[in-house]
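Order of appearance sets the numbers: ligands from 1, and atoms from 1 within every ligand.
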Amino acid sequence: MYHPNPALPEHPEHPAPWWQQGGAIYHIYPRSFADSNGDGFGDLRGITEKLDHLAWLGVEALWMGPVFRSPQVDNGYDISDYRDIDPLFGTLADMDELIAAAHRRGIRVLLDLVLNHSSTEHRWFAASRDDPHGPYGDFYHWQDPAPGGGPPNNWWSFFSIPAWTWCAERGQYYLNLFAPEQADLNWTNREVRREMAEIANFWLDRQVDGFRMDVINLISKSPGYPSIPDGGTPRGYFIDGPDALRWIQEFRRSLRDPDVTLLVGETPGTTPESLRSWTAREHRALDMVISFEHVQVDHSHGSRWNPVPFAPQDLAQILAEQQQALSGSSWPSLYAGNHDQPRVVSRFGDDRHFRRDSAIACAALFTLLRGTPIVYQGDEIAMAIFPLESPEELQDVESRNAYQALLEAGVPPEEAFARVRVQARDNARTPMQWTTGPAAGFSEAGGGTGAPWFPVNPDYREWNVAAQRAAAEAREPSVLGAYRDLLALRRQHQPLTSGSCTFPGLADLAGQNSPVIVFQRGGSGVGEHTMTIVINFSSSPAPVPDAAGL
Ligand code: ISL
């Protein structure tokens, strides 16, 4: 049974759903959060043991990355049984205990459903491969080779490889927009859609409060699988495809509690118009989306593997556009860091000279805009990117493939590594830094079978939860204390909870190199006050730009 956190007022005067009442979501990457049994991997019991950290921080919900049964080719984003917990993370009983323990502390629980694709080790895939005319024959996207041989079209996977894999047993190609071990499910099949809703209801019956829906805008593929014209984008082909919105609406209607279940959709490559369309309340599709334009601000020509320094005004322009698209009856999520992105303080801050203050500046930006903040584990203590020294240290399938693809394109090895190392997803997946103890307190010392699955960032003696909690309690400055204060501030001031969000002087600031971002949160009623937030994203004093008109 869910009990509201007494630290979080319920706002009976606002009819808004719980996620619009000032609370934040804490994002956990389970294998790197807390290891309760000393096997080197984080687990569910580890999360349960650390719930007081979340309660202290003042978050209203947690979202954990996928913990379902999986061969772990993509760290759980390749699910082989949606109704069971992978032994790496524990058992169904551990999950029940975690949900109950979170609810006792007033923290809601969101699971990560990966419904665009399953593992090729799922029983559906074996049945589909072995019996094209059987009940599962059509569960995936199977196609004959192109007339001249080779893959059916020119689609390319997000993981720098072709999107079609040949299956000798069936004599056809299947579609995989990620790794070959992640086969895309065929949502045109009504049975696939029914299975998806039943999986969600299975977890709602176990008392979860909502879902983050992985790459949910990829579920609809263009009929006939046409090739993308040279220079074109996958939009309309497999991004924001023709039936995606309708199927998400149908999915919501099939849920046990369609009105109170939070659905956060991850939507790479989408447009501001689609953002609005997915989330407009009257569409009854998604409640929020995780969009990407702002985390691509430092990608040259849209390529993650060609990073350039970030310009604060470019970031402000993108955020303003998102805020505009999601105003009114839509609602944004706010994030800069997650398990797929480099660490925020290393990316938008100065992790060498102003690590604490620049992490706080990033925190202020991504907690004070309109929307629900999603705080990624470790960002609340300014964890930084990992000092990767060689390509052999890369563990993530996306980073390894990207490095390989750069080499194959003729990029010299040193340059290829330099380009991958700062953007690699591995950077944000290092073990959580809890204490100054062995393995940063991530893994139980003693009884364990080995070291953490990924090395702890060597800076943990200085940057850890225990040290910052002590500082916060002594009212000394710390990133952790700042996060807690910012999250409380959002709940206490109506303009921050639900007011509008505008960027004064935005058009005049476009293309300028001012490091100062200015935005205003408005009161929603007559006579309500507004709040102005001014953040300097540089290492030296800077004037508030005149264009902001303050
Ligand atoms: O972050 C990315 C681009 O900026 C991609 O790495 C990412 O794969 C893409 O955004 C989709 O991410 C989600 O689905 C993937 C999984 O590997 C990611 O971890 C997940 O967040 C496939 O399930």
Side-chain angles (χ1 to χ4, degrees), residues 25 27-32 63-68 70-80 82 110-122 156-161 163 175-185 196 211-219 233-235 238-240 244 264-270 275 289-307 310 318 333 335-344 347 374 376-377 385 394-403 405 419-420 422-429 454:
I25 298 171
H27 171 193
I28 291 175
Y29 196 62
R31 67 164 50 208
S32 300
W63 143 38
M64 69 185 97
V67 288
F68 314 103
S70 160
Q72 304 289 327
V73 170
D74 186 18
N75 292 2
Y77 285 91
D78 47 321
I79 298 174
S80 55
Y82 290 85
L110 313 176
L111 300 186
D112 202 330
L113 283 184
V114 188
L115 305 182
N116 174 68
H117 45 269
S118 79
S119 164
T120 49
E121 290 192 20
H122 196 291
W156 204 248
S157 138
F158 283 76
F159 286 168
S160 311
I161 51 171
L175 180 67
N176 57 273
L177 292 178
F178 293 90
E181 295 85 353
Q182 294 165 296
D184 280 57
L185 285 156
M196 300 294 123
F211 305 101
R212 180 258 193 194
M213 304 182 76
D214 192 62
V215 294
I216 200 63
N217 64 329
L218 306 189
I219 55 177
T233 79
R235 200 165 293 134
F238 56 78
I239 292 179
D240 295 358
V264 184
E266 190 209 25
T267 55
T270 194
L275 286 182
V289 287
I290 295 171
S291 62
F292 285 75
E293 297 78 5
H294 64 291
V295 290
Q296 290 165 346
V297 64
D298 55 358
H299 297 181
S300 157
H301 309 299
S303 165
R304 176 179 187 134
W305 311 114
N306 210 353
F310 111 97
I318 298 170
S333 77
Y335 83 99
N338 66 27
H339 65 294
D340 293 335
Q341 302 296 330
R343 284 286 177 185
V344 183
R347 184 180 202 180
I374 304 179
Y376 181 54
Q377 69 179 50
I385 60 171
L394 297 170
Q395 296 215 21
D396 171 38
V397 53
E398 183 193 55
S399 324
R400 286 201 313 263
N401 286 4
Y403 177 70
R419 279 162 59 172
V420 171
V422 282
Q423 288 281 333
R425 305 197 299 186
D426 307 70
N427 279 305
R429 300 179 175 186
F454 199 96

Enquirer: Do the ring centers of Y335 and H294 come within less than 6.0 Å of each other?
Expert: yes
Enquirer: Partners of R343 by side chain to side chain donor-acceptor pair (under 3.5 Å), sequence neighbours excluded?
Expert: D379
Enquirer: Check ring-ring contact (aromatic ring centres under 6.0 Å, His included) between F159 and all other residues, then give those that pass, not counting sequence neighbours.
Expert: F178
Enquirer: Taking only residues two or more places apart in sequence, or in another chain, which ones meet Q296 in a side-chain contact (heavy atoms from CB on, under 4.5 Å)?
Expert: F292, H299
Enquirer: Rounded to the nearest 0.5 Å, what separates atom CD in E398 from atom CG in N75?
Expert: 11.5 Å
Enquirer: With no hydrogens and no angle check, is any side-chain donor or acceptor of D78 less than 3.5 Å from a backbone partner on V73?
Expert: yes
Enquirer: Mind checking what residues have non-hydrogen atoms under 4.0 angstrom from ligand 1?
Expert: D74, Y77, H117, F159, F178, Q182, R212, D214, V215, E266, F292, R304, H339, D340, Q341, E398, R425, R429
